[in-house]
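Worksheet: the structure to be examined is printed underneath.
Just so it is clear: chains get the letters A, B, ... in the order the sequence lines come, proteins before strands, and each one is counted from 1.
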There are 2 protein chains.
Amino acid sequence: MRTEQDAQRICQFRRHEHLAHKGEVQDKVYKLQEGWASRYCVLPDGRRQITALFLPGDYCEPQWLLSGKSDLPIVALTPVKAQTVPLAGIHAKPGDGVMKLLRGVLEAHDRQTSWIVSLGRKSAIERVTDLLAELFQRMRSHKQIVENCCTMPLTQQDIADVVGLTPVHVNRVLGDLRSRGLVRFSGKTLHLPKPEALGIPSLSQAEAAPGRDPAADRRILAA
Amino acid sequence: MRTEQDAQRICQFRRHEHLAHKGEVQDKVYKLQEGWASRYCVLPDGRRQITALFLPGDYCEPQWLLSGKSDLPIVALTPVKAQTVPLAGIHAKPGDGVMKLLRGVLEAHDRQTSWIVSLGRKSAIERVTDLLAELFQRMRSHKQIVENCCTMPLTQQDIADVVGLTPVHVNRVLGDLRSRGLVRFSGKTLHLPKPEALGIPSLSQAEAAPGRDPAADRRILAA
DNA sequence: CGCGGCATTGAACACCTTCAACAGCGGTGG
DNA sequence: CCACCGCTGTTGAAGGTGTTCAATGCCGCG
């Protein structure tokens, strides 16, 4: 019965179909295998903001383990194939599974912190390059980069809803980056000729401890 | 020896003094008793963004339980008195302590999500009122509201660094809110004559208990 | 008293939005 | 097969929101 069990644990979603609704009780999490999804929020007057992106390999949403519900909707940005991971199973046999999810929560928390900095203090160009850089690195950590290319299924409207801009301005910013030779699009695949120019560390030096900025601290301490 | 033990677990910080530095290893968390603190990020060119606020009663930072380090600095915005909670003790005797911290992580995560929406899609006036409303409600949940008044130790520069605006524009926005009778400042205390006008629910309907499964919590701890 | 941090106000400017129009493209139905 | 439609991307022009620069007043504190 293994094949049948596996089949039960895989589910598919069409583009714009919801993986979760607002306030819905969740007794499972998804592990994305193909396609992208997003958590979003719509204000009463229609303004929309994407607050999280889920890529293949990501858990969606790890904090459901603790909260038991999704307080914002999750929607597929592309056709999605996902594995369902029942929380009951994780609770029954705690251990590795719990830690994986908690690590997922921490990663999401760190990404959100970075986005707050981007949205609060960075220009349109910086926000877009930050997003492309983050996605490029997440794709790379899931081994989905080939020759500085990766799939980029987001529409300009999607990007706008992530970076807090209008679609037309995202278009202009992308055009600017293109004219400067920093990005190239061919259909739904993104090519970054010089990843370092976007602040993306080369693959070898994975992560090196950044070390604090003394001038920055001095500004705070100048009391 | 009780008094001596207690004394060891209380520490004080002056305004602008750091509770944690960037990348520092943490073997404890703080529980704030008096005063406010903030996590912040400074860009190379000096732009500053506050990514979290810590009020009396809050844990700072609950996720250190899982990450073991602070990747952004924490600084006191006022004189701070805090209780240190060693993580070794929590790990040694898991139970209630772990869940309190994990709940703190989830609350921080939800607040960050709301701030992404604010920073991405809301106007200056909305961002400032959102902040005042959030702080008012957090103060109220810690029983620190008297007659629609609470202490508001943030300077306009601090507020600007939270809501992603310049201090002068924050000043104009506050002046606008004041002229509309929505807020009043007397020194460092904030008075909200009509909390409902800022979207703050009245005290009675405080919170409809989110309803969590204590048994589930206990299972997680076994990990 | 004098100094430094904080609040306040004005004027000019920049960045991003808004509105509008159009092109390309895939899908659907006549 | 082609016409039509909707979605996505692209570009221009005008306008608004928030920034920048600068000056002034206030207040607590050494």
Just by modelled atom types, is the A/His109 backbone N or O under 3.5 Å from a matching donor or acceptor in the A/Thr113 side chain? yes

Using atom CZ of A/Arg15 as one end and atom C1' of C/dG26 as the other, report the distance to the nearest whole Å. 12 Å

Could you state the NZ-C1' distance from B/Lys188 to D/dC26, rounded to the nearest angstrom? 13 Å

Kindly indicate, with the supporting measurements, whether the criterion salt bridge (charged side-chain N to carboxylate O under 4.0 Å, His left out) is fulfilled by B/Lys122 and B/Asp130. CA-CA 9 Å; B/Lys122 297 197 183 175; B/Asp130 275 10; 2.8 Å; yes

Just the rounded figure in Å: distance from P of D/dC7 to CD of A/Gln157. 11 Å

Taking CG from A/Leu119 and P from C/dC15, how many angstroms apart are they, rounded to a whole number? 19 Å

Rounded to whole angstrom units, what separation is found between the CG atom of B/Asn171 and the P atom of D/dT24? 17 Å

Between the protein and nucleotides 15-19 of chain D, are there any N/O to N/O pairs under 3.5 Å, and if so, what are the atom names and distances?
unit_1, atom_1, unit_2, atom_2, d
D/dG18, OP1, B/Ala124, N, 2.7
D/dT19, OP1, B/Thr166, N, 3.3
D/dT19, OP2, B/Thr166, N, 3.3
D/dT19, OP2, B/Thr166, OG1, 2.9

Given atom CG of B/Leu177 and atom P of C/dT8, what is their separation to the nearest angstrom? 12 Å

Students often mix this up, so state it plainly: with edges at 30° and 60°, are the rings of A/Tyr40 and A/His18 parallel, tilted or perpendicular? tilted

Interatomic distance, B/Gln156 CD vs C/dA7 C1' [rounded to whole Å]: 6 Å

SB check A/Arg39 A/Glu61 (cutoff 4.0 Å): yes

Could you go through the salt bridge (charged side-chain N to carboxylate O under 4.0 Å, His left out) check for B/Arg172 and B/Asp176 one step at a time? CA-CA 6 Å; B/Arg172 291 189 232 272; B/Asp176 186 17; over 6 Å; no

Regarding A/Glu134 and A/Arg138, does a basic nitrogen lie under 4.0 Å from an acidic carboxylate oxygen? yes

Separation of D/dG9 atom C1' from A/Asp158 atom CG, nearest Å, is 13 Å

